[in-house]
Visitor: 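Below is the structure I would like to discuss, written out as structure tokens.
Here, residue 1 is the first one in the sequence, and each next residue gets the next number. Quick caveat: nothing in here was measured; it's all calculated off a predicted structure.
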Amino acid sequence: MKLNRNALLLTPALFACIAAAAQTPPSPPAVGTRLSVPNTILPTDVLVQGPTEAPGDLQIICLFQSFPDNKLLASLASMDQQLGGLLTKVRTQSLFRGDLGETILLTPKPGVIAAQRLLIIGLGDRTTFTAQREELIGEIAYAESERLGVTAPTFAPTVLDGGFSGTDTGTIGTDFIKGFLRGRAIGATLYAAHAGPSPKVAHLTFLAGQAHALDTQKGLVSVLNAKP
């Protein structure tokens with residue numbers, strides 16, 4: 001059987017195009033895009049948005065210990081500006097120290113930020129931070145959401161914007177959601193034993209920047225779709 005010479009010449013080029021297409025990374029999603037995490041035990045999505053602009057009842061962010069050299073960067077600096085410098089004012093050793101697990105709740109005037117309330121959770125010492133610390137943050141975020149009667153909290157880790165560069169949002173999201181689900185399981189167990197109120201949290205929005213949104217979605221999927 002004779003093979004068409006043109007077909008022989010085209011075949012390597014075709015495979016080269018396919019290989020190049022496979023290696024091309026997907027374009028980052030546009031700001032405002034919601035990436036769903038399908039088939040999960042807790043309805044969750046990733047919103048490509050900053051915490052200042054994200055709407056909702058409760059916005060949760062995190063801050064490292066309130067030392068002068070722990071600067072507020074990117075979204076945190078924007079949040080501080082929108083709040084008239086309030087984050088800077090409370091980040092003192094006599095007000096909000098930023099110790100691991102410490103919390104403070106702000107209720108800004110309507111329209112200052114998109115969310116109605118802002119919960120800040122302390123991350124502790126930036127120099128000893130590990131992504132695994134986010135498990136405790138996740139558990140606290142769930143417990144505080146329940147205590148405040150919030151059904152759909154929004155969470156922004158703000159670790160990178162707090163000046164820590166030794167991890168990525170996907171890894172942080174993976175550990176955070178483990179802790180969040182642990183808090184959820186505790187609440188469900190207590191309710192089933194008639195030792196606690198009916199759980200209220202029914203949806204979670206996890207914020208991520210354009211460069212980290214797909215990795216964050218992948219990290220959340222790995223936990224939320226894991227078999228028991």
Side-chain angles (χ1 to χ4, degrees), residues 34-47 49 51-52 54-63 79 83 86-87 90 95-124 131-159 172-208 216-217 219-228:
R34 282 189 179 270
L35 305 173
S36 64
V37 181
N39 306 318
T40 65
I41 58 176
L42 173 69
T44 303
D45 55 31
V46 176
L47 174 59
Q49 191 67 272
T52 304
D57 182 2
L58 181 68
Q59 171 66 62
I60 306 171
I61 64 173
C62 298
L63 292 176
M79 176 72 77
L83 293 171
L86 185 57
L87 294 187
V90 301
L95 296 177
F96 183 78
R97 296 183 301 276
D99 294 340
L100 180 60
E102 184 181 6
T103 62
I104 184 172
L105 180 67
L106 310 180
T107 306
K109 292 181 179 179
V112 173
I113 62 174
Q116 297 176 34
R117 292 179 286 181
L118 176 66
L119 176 68
I120 306 173
I121 304 177
L123 287 171
Q132 288 74 25
R133 196 178 293 177
E134 283 292 321
E135 286 198 38
L136 176 59
I137 302 300
E139 188 174 339
I140 293 171
Y142 181 87
E144 288 295 294
S145 297
E146 287 287 348
R147 184 179 67 82
L148 295 169
V150 177
T151 59
T154 300
F155 177 76
T158 58
V159 169
I172 293 170
T174 299
D175 289 305
F176 171 86
I177 201 64
K178 289 178 182 177
F180 199 83
L181 292 179
R182 182 172 185 269
R184 182 172 180 263
I186 292 171
T189 299
L190 294 178
Y191 175 67
H194 306 288
S198 174
K200 301 176 184 65
V201 174
H203 184 274
L204 173 67
T205 295
F206 196 104
L207 301 186
T216 300
Q217 181 191 35
L220 295 178
V221 166
S222 68
V223 177
L224 289 166
N225 284 333
K227 294 181 180 180

Visitor: Just verifying a value: how many Å separate Ile104 CD1 and Leu95 CG, rounded to the nearest 0.5 Å?
Guide: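 Nearest 0.5 Å value for the CD1-CG distance: 7.0 Å.
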Visitor: Any side-chain heavy atom of Leu224 sitting closer than 4.5 Å to one from Leu181?
Guide: yes
Visitor: Is any side-chain heavy atom of Leu87 less than 4.5 Å from a side-chain heavy atom of Leu106?
Guide: yes
Visitor: Could you check, using the six-membered ring where one of them is a Trp, whether Phe176 and Phe206 have ring centers closer than 6.0 angstrom?
Guide: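 Yes, ring centres under 6.0 Å apart.
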Visitor: Show me the side-chain donor-acceptor pairs of residues 135-153 shorter than 3.5 Å, one per line, residues at least two apart or across chains.
Guide:
{"from": "Glu139", "atom 1": "OE1", "to": "Arg182", "atom 2": "NH1", "distance (Å)": "2.6"}
{"from": "Glu139", "atom 1": "OE2", "to": "Arg182", "atom 2": "NH1", "distance (Å)": "2.9"}
{"from": "Tyr142", "atom 1": "OH", "to": "Glu146", "atom 2": "OE2", "distance (Å)": "2.7"}
{"from": "Glu144", "atom 1": "OE1", "to": "Arg147", "atom 2": "NE", "distance (Å)": "3.3"}
{"from": "Glu144", "atom 1": "OE1", "to": "Arg147", "atom 2": "NH2", "distance (Å)": "2.7"}
{"from": "Glu144", "atom 1": "OE2", "to": "Arg147", "atom 2": "NE", "distance (Å)": "3.3"}
{"from": "Ser145", "atom 1": "OG", "to": "Ala141", "atom 2": "O", "distance (Å)": "2.7"}
{"from": "Glu146", "atom 1": "OE1", "to": "Lys200", "atom 2": "N", "distance (Å)": "2.9"}
{"from": "Glu146", "atom 1": "OE2", "to": "Lys200", "atom 2": "N", "distance (Å)": "2.9"}
{"from": "Glu146", "atom 1": "OE2", "to": "Val201", "atom 2": "N", "distance (Å)": "3.0"}

Visitor: Can you list the residues that meet the side chain to side chain donor-acceptor pair (under 3.5 Å) rule with Asp57, with sequence neighbours excluded?
Guide: Arg117
Visitor: So, using side-chain contact (heavy atoms from CB on, under 4.5 Å) as the criterion, who are the partners of Thr174 when residues are at least two apart?
Guide: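 Thr174: side-chain contact (heavy atoms from CB on, under 4.5 Å) contacts with Lys178, Ser222, Val223.
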Visitor: Determine the minimum heavy-atom distance between Thr158 and Cys62, stating which atoms define it.
Guide: OG1-O, 2.7 Å
Visitor: Looking at Leu58 and Leu105, what are the two nearest heavy atoms and their distance?
Guide: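 The pair with the smallest heavy-atom distance is CD1-CD1, 4.0 Å.
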Visitor: Kindly give the heavy-atom pair with the smallest separation between Ile61 and Pro51, and that separation in Å.
Guide: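 Looking at all heavy atoms of both residues, the shortest contact is CG2-CB, 3.9 Å.
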Visitor: According to side-chain hydrogen bond (donor to acceptor under 3.5 Å, both in side chains), does anything in residues 96-107 pair up with another residue at least two apart or in another chain? List the pairs.
Guide: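 Passing the test, one end in residues 96-107: Gln65-Asp99, Arg97-Asp99.
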Visitor: Rounded to the nearest 0.5 Å, how far apart are CG of Leu83 and CG of Leu118?
Guide: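 One gets 6.5 Å once the value is rounded to the nearest 0.5 Å.
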Visitor: Do you know which two heavy atoms are closest between Pro38 and Asn225, and how far apart they sit?
Guide: O-OD1, 3.0 Å
Visitor: Holding to side-chain contact (heavy atoms from CB on, under 4.5 Å), I want the full list of residues that pass it with Thr205, two or more places apart in sequence or in another chain.
Guide: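 Checked Thr205 against side-chain contact (heavy atoms from CB on, under 4.5 Å); matches are Arg34, Asp45, Leu47, Thr154, His203, Leu207.
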Visitor: Which atoms form the tightest heavy-atom contact between Val46 and Ala208, and what is the distance?
Guide: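 For Val46 versus Ala208, the nearest heavy atoms are CG1-CB, 4.0 Å.
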Visitor: Please report the closest heavy-atom contact between Phe155 and Leu204, naming both atoms and the distance.
Guide: CB-CD1, 4.4 Å
Visitor: Please set out all donor-acceptor pairs under 3.5 angstrom arising from side-chain atoms of residues 108-116, sequence neighbours excluded.
Guide:
none

